[in-house]
Participant: 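Let me give you the structure first, and then I'll get to my questions.
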Amino acid sequence: MQTLLILLAGVLFAAGVYLVLRRNLLRMIFGLVLLSNAVNLLVFSMGRVARLAPPLVPEGAMAPVGAVANPLPQALVLTAIVIGFGLVSFALVLAYRSFVTLGTVETDAFEDEPAPAPRDTAPTVAPPLSLPTTNGAASHPELSAR
Amino acid sequence: MLTALLISFVVALAAPAVHRVLGDRASWVLAALPLGLFATFAARIPAVSAEGAVTQVVPWVPSFGVNLSFYLDGLSLLFVLLITGLGALIVVYAGAYLKGHRDLGRFYLALLLFMSAMLGLVLSSNLIALFVFWELTSFASYLLIGFKHEDEDSRRSALQALLVTGGGGLALLGGLILLGIAGGGTFELTEIMANGEAVRAHALYPALFALIAVGCFTKSAQFPFHFWLPNAMAAPTPVSAYLHSATMVKAGIYLLMRLDATLGGTALWVGTLATAGAITMLLGAVWALRQTDLKKVLAYSTVTALGTLTLLVGLSFEASIKAAVVFLLVHALYKGALFLIAGSVDHETGTRDVLALGGLRRAMPVTGVAAALAGLSMAGLPPLFGFVGKELTYKAKLGFDAADVLLPGAAVLANALTVAAAGVLVLRPFFGSMRATPKPPHETPPAMWLGPLVLAAAGLLFGLFPALLPATLVGNAVTATLGYTIEIKLALWYGLGAALYLSVLTVAVGVLTYWQWDRVRGALARLDGLTRFGPERGYERLLEGTLAFADWQTRLLQNGSLRGYLVWLLGLVVVLPGAALVLRHDGFAVATAWDEILPHEWALAGLIIASALVTAGSRSRTLAVAALGVVGFSVALLFLGLGAPDLAMTQLLVETLIVVIILLVLRHLPTLRTERAEPGLSRWASGALALGAGTVVTLLGLAVVATPFDPSVAQFYAERSVPEGFGRNLVNVILVDFRALDTLGEITVLAVAALGAFVLVRAGAAPAFPTLDVDGSVILRTATRFLITLLFLTALFLLWRGHNEPGGGFIGGLVAAGAFALYLMAFGEAAMRRLLRVAPRDLLGVGLGIALLSGLFAVASNEAFMTGQWLSLKLGDGLEPLKLGTPLLFDIGVFLVVVGFTLTIVLALERAPGRTPGDRAQPAEEGA
């Protein structure tokens, strides 16, 4: 069962990655959901799964009776599911906003500013200063700030 | 000594305020600081002579071995007096030179900051503390060189000086750390000096010497790092006089002298320092004669002097050290004076071009006298102190057996050229006939001739009566450098000897050169092309290259394409763990019992895979969303079958709400049918990357489960959940009690996401758009009326029982949120808001507040934040006492945050303005 879960996680992960790399923002978000599910399954299976009873202590007892499922990965995954929910909701709102503002859901067409142009001769690097000038007439007027 | 330093720093910081209050008189008041320090330390001369050193240790970062250790011996005392004495004169001078400048307050601050840092440097006896002060001086120098920040030259020179000395500083740090290691694992200089033998013999010695040498060479402008010093002349003259002739550039020399006892005397030391020093000495001397700007001549002759000092320290025997100490003092006196005089000339006449100046002694008599005295000292003529210094350097070089004629020959040449330079600096401007200058010259105010006069007079005084110095300053400094005591005698006349003959020769050649200066200058001008291969071009190319590389690299990696970033990210996710697995893993066994898997589990697995593929490939939005839902629900069923009821419930509810939110957003987005087809290549590439990612993840998972499982953590929680957490649902107890802090972080994330989403939807919103058309059918509305109460009760019930049975704040909150969403669908927004009564965002705040509050009860009982506090309520006979605890309160907070989060987003999206008017609810059939 464990192996099957891990395989499933792999398949979901692959599908999720494929979608995340698509150009359409909506597909990207679907991919996020699949990725989230994949990782949840993966973490869950890390704690070793089997068809065991839920991690509950019977009434009156002080500790679980018999073999129960590992509670720790369940707590982690529960957190992950909720945070995944938050993430996907936020991403959806972001997609909405992108479409309204930028007019497109295709990530290729997103451009708020063009890439930086290749730098021209940087102002900090100029002809060497120590090269003696011909007439020494270029004495720096130090009092120019007055 | 720490007190003195602290006072110095404090006064430096207060300097702008003092300037604001006192105006023009501020310089005299501020000069009281260095003067006071001078007096204080001068009073220590007897103590240092008697005991050898005064130390003070203040712990700073003991675990790293870094302390503020101060060590006052002859060498540091000499430097301290130099720094403070000169400092006082410079402050006064600057007050008059820069009078009326709007940034004068800031100037004082930087100048005094520099002085304090320099003092810290020479007093420091902990290597790391020394380094800190070293870098501080570089920083102060940057501020001072770039003082005229509107001038591009100044900025560029300041940056160049900073980069060169800073780069050297980095090397120095490495060298100092290595020295600490080699010296026995300590950064205290006193301890390292006691281990001198071991250090010199250590395997790390060449490396640490090389690094420290680079640091000192950059600071003291030795070849090939000398080029920043002439460019630093862009600074105001007081700065040039103080930093770049007398103090900061001597810091490298100071460090070399300080370490001479420990590192010196080896072939590496002598060879490197002597060679570098000699080359620098000659280079500076020759190039000085190429210049016509007074300050540039002075800068290059400073380079010469620094080269001489390095050479002398490098030779590392008694006579050379004695010569070095004396020459240090000599140079500081005359160079400081000459720089200040150059500034005065510039200030009064408006030009620094030697060719345009002449006959100034008539207009500026006092300055002229100072200039004459300083110039004589520079030329090394008796009875000035400079003569004493020169004699000593000749004696040292003649006394050095190796390199027979080479050293004295080089020295004669360099000194002769220096004599010529002195002539250029003093004779041309001050003697001869008056020339027309931009401003008619007259004598400077006293504040400005005081400095040069004092310094030049000191040169005369010590020349006439050199016996004033030995025991006090020079002797102690030499002792300190050598590491053992020797007797020093200084005299003006040492008798006829080789040194004297050399001096005569020097003067003769020097006078000749000066007489032919114009021709010499012309000849040198023809060599200008050589600078194309010089170190400064190297520096520029390095800088340009680094910037170009940074540009290219940024354009490559940060190209603004989202998919590009994702490809990089995911590619690395595949490659790095994958490579690690393949290369470093020995293989693992995959134990599967395929026959144990039940049919329904196979069915679920198949369903998941099929739905995932449908989502990936579908061109219809609705189908994709539906498939997504199927994936989610199937996973939930899997969880259920594997003993995770909480997970199953959460997954079901979250999946439902995600679908709802997706649909709310889909209204606004264009259909998938209208998208452009992606090129096949990129689809294949994405597919390949996806396959790779999936494979790596699967392999990783299998590798992990193949390792033996350690159940100790699970057992920890299982055993403690009831006794300490008073809860029978292990998962819930972990979430709200054992790991409550993590859950607190989680709900904070939810709250922040909700607020962010809210702002995104509302930002710059158009006036309120008509809301979602409610066409809730009768069936929906009737059913909702029945269900809604049931749902709310269920939600509260789940919340209540979560601690002992499957349930909890998250699940309860999700059910409640779902219930509200249902009500919204059936009856519309206005009705839902009436039902809710409060704004969803308020729920976020209240929920977070309650969660935080629940943790504070523990603090009130003196336990760690979030520790569960419980009380038992007696319910009467026969009934179990009711246990109420802060985890329940926390769960309520979680509940509220989850509801608030969901509803904030749902409501915001529900009213969100579309792209075009009339763009309201698109029927679900369209775009399917």
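All of these numbers come straight from a predicted model, not from anything done at the bench. Letters go in sequence order (proteins before strands), and every chain restarts at 1.
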Participant: When only pairs under 4.5 Å are counted, which of Ile662(B), Val749(B), Leu689(B) shares the most heavy-atom pairs with chain A?
Facilitator: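 Winner by heavy-atom pair count: Ile662(B).
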Participant: Heavy-atom cut-off 4.5 Å, strictly under: side chain, backbone, both or neither for Ala61(A) against chain B?
Facilitator: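 Backbone only.
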Participant: Do Tyr18(A) and Leu691(B) make a side-chain contact, defined as non-hydrogen atoms from C-beta onward lying under 4.5 Å apart?
Facilitator: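 SC-SC contact between Tyr18(A) and Leu691(B) ruled out.
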Participant: Let me know if Thr79(A) has heavy atoms under 4.5 Å from chain B in its side chain, its backbone, both or neither.
Facilitator: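 Both backbone and side chain of Thr79(A) come within 4.5 Å of chain B.
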Participant: In terms of heavy-atom proximity below 4.5 Å to chain B, should Pro73(A) be classed as side chain, backbone, both, or neither?
Facilitator: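 When you check distances to chain B, no heavy atom of Pro73(A) falls under 4.5 Å.
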Participant: To the nearest 0.5 Å, tell me how far Arg22(A) CZ sits from Leu566(B) CG.
Facilitator: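 Here the rounded value is 13.5 Å.
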Participant: When only pairs under 4.5 Å are counted, which of Val77(A), Val43(A), Val49(A) shares the most heavy-atom pairs with chain B?
Facilitator: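 Top option by heavy-atom pairs under 4.5 Å: Val77(A).
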Participant: Do you know the tightest heavy-atom contact between His668(B) and Phe99(A)?
Facilitator: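 That closest heavy-atom pairing would be O-CE2, 3.1 Å.
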Participant: If you count heavy-atom pairs within less than 4.5 Å of chain A, which of Ala753(B), Ala714(B), Ala644(B) leads?
Facilitator: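 Option with the greatest count: Ala644(B).
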Participant: Rounded at 0.5 Å granularity, tell me how far CG in Leu700(B) sits from CD1 in Ile6(A).
Facilitator: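 It is 10.0 Å, given to the nearest 0.5 Å.
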Participant: What's the shortest heavy-atom distance between Leu56(A) and Pro806(B), and which atoms?
Facilitator: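 In this case the closest contact between Leu56(A) and Pro806(B) is CD1-CD, 3.6 Å.
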Participant: What option among Glu746(B), Arg720(B), Glu805(B) has the most heavy-atom pairs under 4.5 Å with chain A?
Facilitator: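 So the answer, after comparing Glu746(B), Arg720(B), Glu805(B), is Glu746(B).
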Participant: Would you mind telling me which of Val82(A), Val88(A), Leu42(A) has the largest number of heavy-atom pairs within less than 4.5 Å of chain B?
Facilitator: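 With the most close heavy-atom pairs to chain B, the winner is Val82(A).
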Participant: Is Gln2(A) close to chain B through its backbone or its side chain, or both, or neither, when contacts mean heavy atoms under 4.5 Å?
Facilitator: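 Side chain only.
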Participant: Checking Ile905(B) against chain A: side chain, backbone, both or neither under 4.5 Å from a heavy atom?
Facilitator: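 Only the side chain of Ile905(B) comes within 4.5 Å of chain A.
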Participant: Chain B: which of Pro54(A), Ala53(A), Ala69(A) shares the most heavy-atom pairs with it under 4.5 Å?
Facilitator: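 Highest number of heavy-atom pairs under 4.5 Å: Pro54(A).
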Participant: Just wondering, do Phe709(B) and Asn70(A) contact through their side chains at under 4.5 Å, heavy atoms?
Facilitator: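 Side chain of Asn70(A) against side chain of Phe709(B), heavy atoms only: contact under 4.5 Å found.
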Participant: Pick from Val573(B), Leu735(B), Val665(B), Ile609(B): which one has the most heavy-atom pairs with chain A under 4.5 Å?
Facilitator: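 With the most close heavy-atom pairs to chain A, the winner is Leu735(B).
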Participant: Quick check on Leu87(A) against chain B: is it the side chain, the backbone, both or neither that has a heavy atom closer than 4.5 Å?
Facilitator: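 Looking at Leu87(A), nothing touches chain B.
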Participant: Given heavy-atom pairs under 4.5 angstrom as the criterion, report whether the side chain, backbone, both or neither of Thr615(B) touches chain A.
Facilitator: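 Thr615(B) touches chain A through backbone and side-chain heavy atoms alike.
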Participant: Which of the residues Ile661(B), Val635(B), Leu642(B) is involved in the greatest number of heavy-atom pairs with chain A at under 4.5 angstrom?
Facilitator: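 Of the options given, most contacts go to Leu642(B).
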Participant: Checking Val696(B) against chain A: side chain, backbone, both or neither under 4.5 Å from a heavy atom?
Facilitator: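 Neither part.
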Participant: What part of Leu26(A) gets within 4.5 angstrom of chain B, counting heavy atoms only: side chain, backbone, both, or neither?
Facilitator: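 The side chain, not the backbone.
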Participant: Would you compute the distance between atom CG of Leu647(B) and atom CG of Asn40(A) and round it to the nearest 0.5 angstrom?
Facilitator: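 Between Leu647(B) CG and Asn40(A) CG, I get 8.5 Å after rounding to 0.5 Å.
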Participant: What verdict does the side-chain contact (heavy atoms from CB on, under 4.5 Å) test give for Leu760(B) and Phe90(A), after you've listed the backbone C-alpha separation in whole Å, the side-chain angles of each residue and the deciding distance to 0.1 Å?
Facilitator: CA-CA 9 Å; Leu760(B) 273 178; Phe90(A) 188 78; 3.9 Å; yes
Participant: Show the numbers, then the answer: is there a side-chain contact (heavy atoms from CB on, under 4.5 Å) between Met1(A) and Leu638(B)?
Facilitator: CA-CA 10 Å; Met1(A) 191 60 222; Leu638(B) 273 179; 4.0 Å; yes
Participant: For the residue pair Pro64(A) and Leu730(B), what are the closest heavy atoms and their distance?
Facilitator: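 That would be CG-CD1, 4.0 Å.
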Participant: Tell me, out of Val697(B), Leu562(B), Val898(B), Ile811(B), who's got the most heavy-atom pairs with chain A below 4.5 Å.
Facilitator: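 Looking at each option in turn, the highest pair count goes to Val697(B).
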Participant: For Ala690(B) and Ala14(A), which heavy atoms make the closest approach, and how far apart are they?
Facilitator: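 Residues Ala690(B) and Ala14(A), closest heavy atoms: CB-O, 3.2 Å.
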Participant: Measure distances from Leu92(A) to the heavy atoms of chain B and classify the residue's part below 4.5 Å as side chain, backbone, both or neither.
Facilitator: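 Both parts, backbone and side chain.
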Participant: Decide yes or no for Leu12(A) and Val631(B): does some side-chain heavy atom of the first lie under 4.5 Å from some side-chain heavy atom of the second?
Facilitator: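 The answer is yes, as the side chains (C-beta and beyond) meet within the 4.5 Å cut-off.
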Participant: Any side-chain heavy-atom pair from Leu814(B) and Phe85(A) closer than 4.5 angstrom?
Facilitator: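 The answer is yes; the side chains approach within 4.5 Å.
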Participant: If I measure from the heavy atoms of chain A, does Val704(B) come under 4.5 Å with its side chain, its backbone, both, or neither?
Facilitator: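 Both backbone and side chain.
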Participant: Applying side-chain contact (heavy atoms from CB on, under 4.5 Å) to Val20(A) and Leu570(B), what does each step give before you reach the verdict?
Facilitator: CA-CA 10 Å; Val20(A) 152; Leu570(B) 292 168; 4.2 Å; yes
Participant: Answer yes or no: is there a side-chain heavy-atom contact under 4.5 Å between Leu4(A) and Trp602(B)?
Facilitator: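 Answer yes - side chains close enough.
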Participant: Which atom pair, heavy atoms only, marks the closest approach of Leu41(A) to Phe639(B)?
Facilitator: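 Scanning both residues completely, I find the closest heavy atoms to be CD2-CE2, 4.2 Å.
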Participant: Ignoring hydrogens and angles, tell me if any N or O in the side chain of Arg563(B) forms a donor-acceptor pair with the backbone of Leu21(A) under 3.5 Å.
Facilitator: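 Between the backbone of Leu21(A) and the side chain of Arg563(B) there is a qualifying donor-acceptor contact (under 3.5 Å).
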Participant: Report which part of Leu750(B) has an atom under 4.5 Å of a heavy atom belonging to chain A: side chain, backbone, both, or neither.
Facilitator: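 The side chain, not the backbone.
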Participant: Could you report the tightest heavy-atom contact between Ala612(B) and Leu34(A), atom names first, then the distance?
Facilitator: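 Closest pair (atom of Ala612(B), atom of Leu34(A), distance): O-CD1, 4.4 Å.
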Participant: Is Arg48(A) in contact with chain B via its backbone, its side chain, both, or neither, using a 4.5 Å heavy-atom distance?
Facilitator: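 Contact with chain B is through the side chain of Arg48(A) alone.
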Participant: Side-chain contact, heavy-atom cut-off 4.5 Å: Leu598(B) with Arg51(A)?
Facilitator: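 SC-SC contact between Leu598(B) and Arg51(A) confirmed.
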Participant: Count the heavy atoms of every other residue, nucleotide or ligand shown that sit under 6.0 Å from CZ of Arg739(B), and state whether that count exceeds 12.
Facilitator: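 Atom CZ in Arg739(B) is not packed in, count stays at 12 or less.
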Participant: Is any side-chain heavy atom of Ser89(A) closer than 4.5 Å to one of Phe901(B)?
Facilitator: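 Of all side-chain heavy-atom pairs linking Ser89(A) with Phe901(B), at least one is under 4.5 Å.
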Participant: Under a 4.5 Å heavy-atom cut-off, does chain B meet the side chain of Leu78(A), its backbone, both or neither?
Facilitator: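 Both backbone and side chain.
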Participant: May I ask you to test the Val705(B)-Ser45(A) pair for a side-chain heavy-atom distance under 4.5 Å?
Facilitator: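 No - every pair of side-chain heavy atoms lies 4.5 Å or more apart.
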Participant: Checking the side chain of Gln651(B) only, and the main-chain atoms of Asn37(A) only, is there a donor and an acceptor separated by less than 3.5 Å?
Facilitator: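 Not at all, since once roles are kept as given, no pair shorter than 3.5 Å links the two residues.
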Participant: Which region of Asn804(B), side chain (C-beta onward) or backbone (N, CA, C, O), has a non-hydrogen atom less than 4.5 Å from a non-hydrogen atom of chain A, or is it both or neither?
Facilitator: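 Looking at Asn804(B), just its backbone touches chain A.
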Participant: Using heavy-atom distances under 4.5 Å, tell me whether Ala525(B) contacts chain A through its side chain, its backbone, both, or neither.
Facilitator: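 Contact with chain A: none, neither part.
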